[in-house]
Novice: 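Just passing along the structure, written as structure tokens.
Basis for what follows: all heavy atoms, side chains included, without hydrogens, waters or symmetry-related copies. By convention in this document, chain letters (A, B, ...) are assigned in the order of the sequence lines, proteins followed by strands, and residues within each chain are numbered from 1.
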2 protein chains.
Amino acid sequence: MDHLHDDVDDIQDAWLRERPDTPVGSIGVITRIWRIAKLLDDDRRRTMARLGMDTATRDLLATLRRAGAPYALPVQEIARRCAVTSGAISQRVRRAEGQDLVTRRKSDDDGRGVVVGLTPRGHDLIERTVDDLLHHEETLLSALGTEQREELSKLLRLLHTDLQRRVPPAGG
Amino acid sequence: MDHLHDDVDDIQDAWLRERPDTPVGSIGVITRIWRIAKLLDDDRRRTMARLGMDTATRDLLATLRRAGAPYALPVQEIARRCAVTSGAISQRVRRAEGQDLVTRRKSDDDGRGVVVGLTPRGHDLIERTVDDLLHHEETLLSALGTEQREELSKLLRLLHTDLQRRVPPAGG
DNA sequence: CGTATATCGTTTAGTGCTAAAGGAGTTTTC
DNA sequence: GAAAACTCCTTTAGCACTAAACGATATACG
């Protein structure tokens with residue numbers, strides 16, 4: 001039996017009290033996902049600040065590193081993989097370029113296209129950061145046992161897949 | 001039959017391929033929560049824009065409305081309930097005050113304190129908005145059956161409760 | 001072919017957050 | 001009961017995003 005109770009239960013109860021006919025069923029999932037995402041975001045921002053980085057740059061470098069050699073992708077593809085607009089990537093790249101972490105070059109195939117690649121400095125930096133972060137985030141989930149984590153992943157995957165169909169991505 | 005596969009599986013597989021010794025176990029939960037939160041955020045922003053509102057103002061008005069009569073709370077308490085800094089609330093209140101949706105008055109008990117209350121206009125606006133939004137968000141979860149939704153809520157509540165202990169709230 | 005349409009990346013305006021600093025009022029302590 | 005410490009709210013600087021507008025190239029079509 002879980003006698004666990006959180007702020008989100010309060011929110012749901014409050015709407016039920018104030019407006020008994022309003023459907024409150026989505027709150028338990030949606031508001032909790034929001035709140036957890038915010039806590040994780042705040043935590044990651046601080047962790048990155050401690051390492052002299054920021055979350056946006058980390059996301060950019062990690063995406064390029066993960067792509068495998070030669071650690072380069074077109075802007076459009078980075079935007080898709082990071083789930084932000086191409087304008088956001090443009091800004092991220094400009095910032096990272098100024099710190100010599102990435103380079104831009106025109107695409108060979110397409111005169112409009114720009115390919116962004118990791119510099120050695122950028123490669124180094126992400127290499128030194130990614131393990132730290134993933135170890136740390138492992139501990140953030142220690143409230144959940146292996147089985148609970150798998151069950152949670154499975155349900156979130158189902159919801160994520162469906163929402164991607166339902167909600168148009170942030171335009172490009 | 002979970003032959004389901006999403007972008008997050010790709011991210012996890014890519015790290016495993018590129019750095020076999022890095023612990024990737026947290027990705028399936030944390031990255032998915034992030035992505036889902038972003039999709040929900042984008043969707044809510046658009047829904048609110050369509051209704052001539054914005055998500056920050058909605059959050060403020062909803063918090064006051066939910067508190068019940070007389071629909072007024074001190075800034076500090078709003079910040080806690082909305083899980084943002086008091087500086088953010090200060091800005092939200094200033095914007096909403098300009099549209100005659102809320103009022104500020106000095107607290108009787110504490111010369112430092114400020115109490116923010118809904119105006120009739122603010123009450124009206126949130127009343128007209130909240131049902132629409134909750135009905136809409138109900139449909140966003142329709143990929144999940146009743147039982148899955150309850151299981152998901154339960155696991156998220158467990159994680160949320162634990163993270164609130166672990167991660168310091170955004171100061172303020 | 002040449003014009004219309006679409007796509008790619010960038011830029012800009014607008015929004016909204018955190019963190020940190022500051023002014024004002026309150027509580028604690030000796 | 002005065003000084004120190006704390007709390008409350010606001011303000012500011014800095015970051016980062018979306019949406020929309022804009023040039024530049026690429027593709028499609030009659």
Novice: Calculate the interatomic distance between Leu40(A) atom CG and dC17(C) atom P; express it in whole Å.
Specialist: 19 Å
Novice: Does a salt bridge link Glu97(B) with Arg94(B), judged by any charged N lying under 4.0 Å from a carboxylate O?
Specialist: no
Novice: To the nearest Å, how far apart are Met53(B) CE and dG16(C) P?
Specialist: 11 Å
Novice: Without decimals, in angstroms, what is the distance between Asp42(A) CG and dC17(C) C1'?
Specialist: 9 Å
Novice: Output every pair passing ring-ring contact (aromatic ring centres under 6.0 Å, His included) with a member in residues 79-113 of chain B, not counting sequence neighbours, ordered by first then second residue.
Specialist: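 For residues 79-113 of chain B, and leaving out neighbouring residues, there are no ring-ring contact (aromatic ring centres under 6.0 Å, His included) pairs at all.
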Novice: Does Glu77(A) reach the main-chain N or O of Pro74(A) with its side chain, forming a donor-acceptor pair under 3.5 Å?
Specialist: no
Novice: Between P on dG9(C) and CG on Leu60(A), what's the gap in Å once rounded to a whole number?
Specialist: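 Those two atoms, CG and P, are 14 Å apart.
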Novice: Tell me: CZ of Arg44(B) to P of dG16(C), nearest whole Å?
Specialist: 14 Å
Novice: Below 4.0 angstrom, which residues in residues 89-97 of chain B have at least one non-hydrogen atom near DNA chain C?
Specialist: Gln91(B), Arg92(B), Arg95(B)
Novice: Decide, yes or no, whether a salt bridge links Asp6(B) with Arg32(B) under the criterion of side-chain N to carboxylate O below 4.0 Å.
Specialist: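 Counted as a salt bridge, because a side-chain N and a carboxylate O are separated by less than 4.0 Å.
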Novice: Between C1' on dG16(C) and CG on Asp41(B), what's the gap in Å once rounded to a whole number?
Specialist: 11 Å
Novice: Less than 4.0 angstrom from a charged side-chain N to a carboxylate O is my criterion; do Arg17(B) and Asp13(B) meet it?
Specialist: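 Not counted as a salt bridge, because no side-chain N and carboxylate O are separated by less than 4.0 Å.
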Novice: Could you check how far CZ of Arg80(B) sits from C1' of dC8(D), rounded to whole Å?
Specialist: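 After rounding, the reported distance stands at 16 Å.
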Novice: Could you note down all residue pairs passing ring-ring contact (aromatic ring centres under 6.0 Å, His included) where residues 88-110 of chain A supplies at least one of them, sequence neighbours left out?
Specialist: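 Not a single pair qualifies under ring-ring contact (aromatic ring centres under 6.0 Å, His included).
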Novice: Is Asp54(B) salt-bridged to Arg95(B), cutoff N-O under 4.0 Å?
Specialist: no
Novice: Which part of the nucleic acid, if any, lies within reach of Ala88(A) when heavy atoms closer than 4.0 Å are counted: base, sugar-phosphate only, or nothing?
Specialist: base
Novice: Can you list every pair that meets ring-ring contact (aromatic ring centres under 6.0 Å, His included) and has a residue in residues 73-103 of chain A, with sequence neighbours left out?
Specialist: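 Output for this query is empty, none listed.
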Novice: If you take any heavy atom closer than 4.0 Å to DNA chain C, which residues from residues 70-77 of chain A end up in contact?
Specialist: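 Result for residues 70-77 of chain A: Val75(A), Gln76(A), sorted by number.
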Novice: Are Arg45(B) and Asp42(B) ion-paired here, with the side-chain N under 4.0 Å from a carboxylate O?
Specialist: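 Yes, this pair counts.
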Novice: Is the phosphate of dA19(D) approached by Arg45(B) (side-chain N or O, under 4.0 Å from OP1 or OP2)?
Specialist: yes
Novice: Rounding to a whole Å, what distance do you find between Asp54(B):CG and dC17(C):C1'?
Specialist: 13 Å
Novice: Does a side-chain N or O from Thr85(A) land closer than 4.0 Å to OP1 or OP2 of dT18(D), or not?
Specialist: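 Indeed, a polar side-chain atom of Thr85(A) lies that close.
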Novice: With a 4.0 Å cut-off on N to O distance, would you call Arg165(A) and Asp162(A) a salt bridge?
Specialist: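 Asp162(A) and Arg165(A): salt-bridged.
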Novice: Report, one pair per line, the protein and nucleotides 23-28 of chain D atoms (nitrogen or oxygen only) whose separation is under 3.5 Å.
Specialist:
| from | atom 1 | to | atom 2 | distance (Å) |
| --- | --- | --- | --- | --- |
| dA26(D) | OP1 | Gly111(A) | N | 2.6 |

Novice: Does a side-chain N-to-carboxylate-O contact under 4.0 Å join Asp43(A) and Arg166(B)?
Specialist: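 Looking at Arg166(B) together with Asp43(A), the answer is no, because their closest N to O distance does not fall below 4.0 Å.
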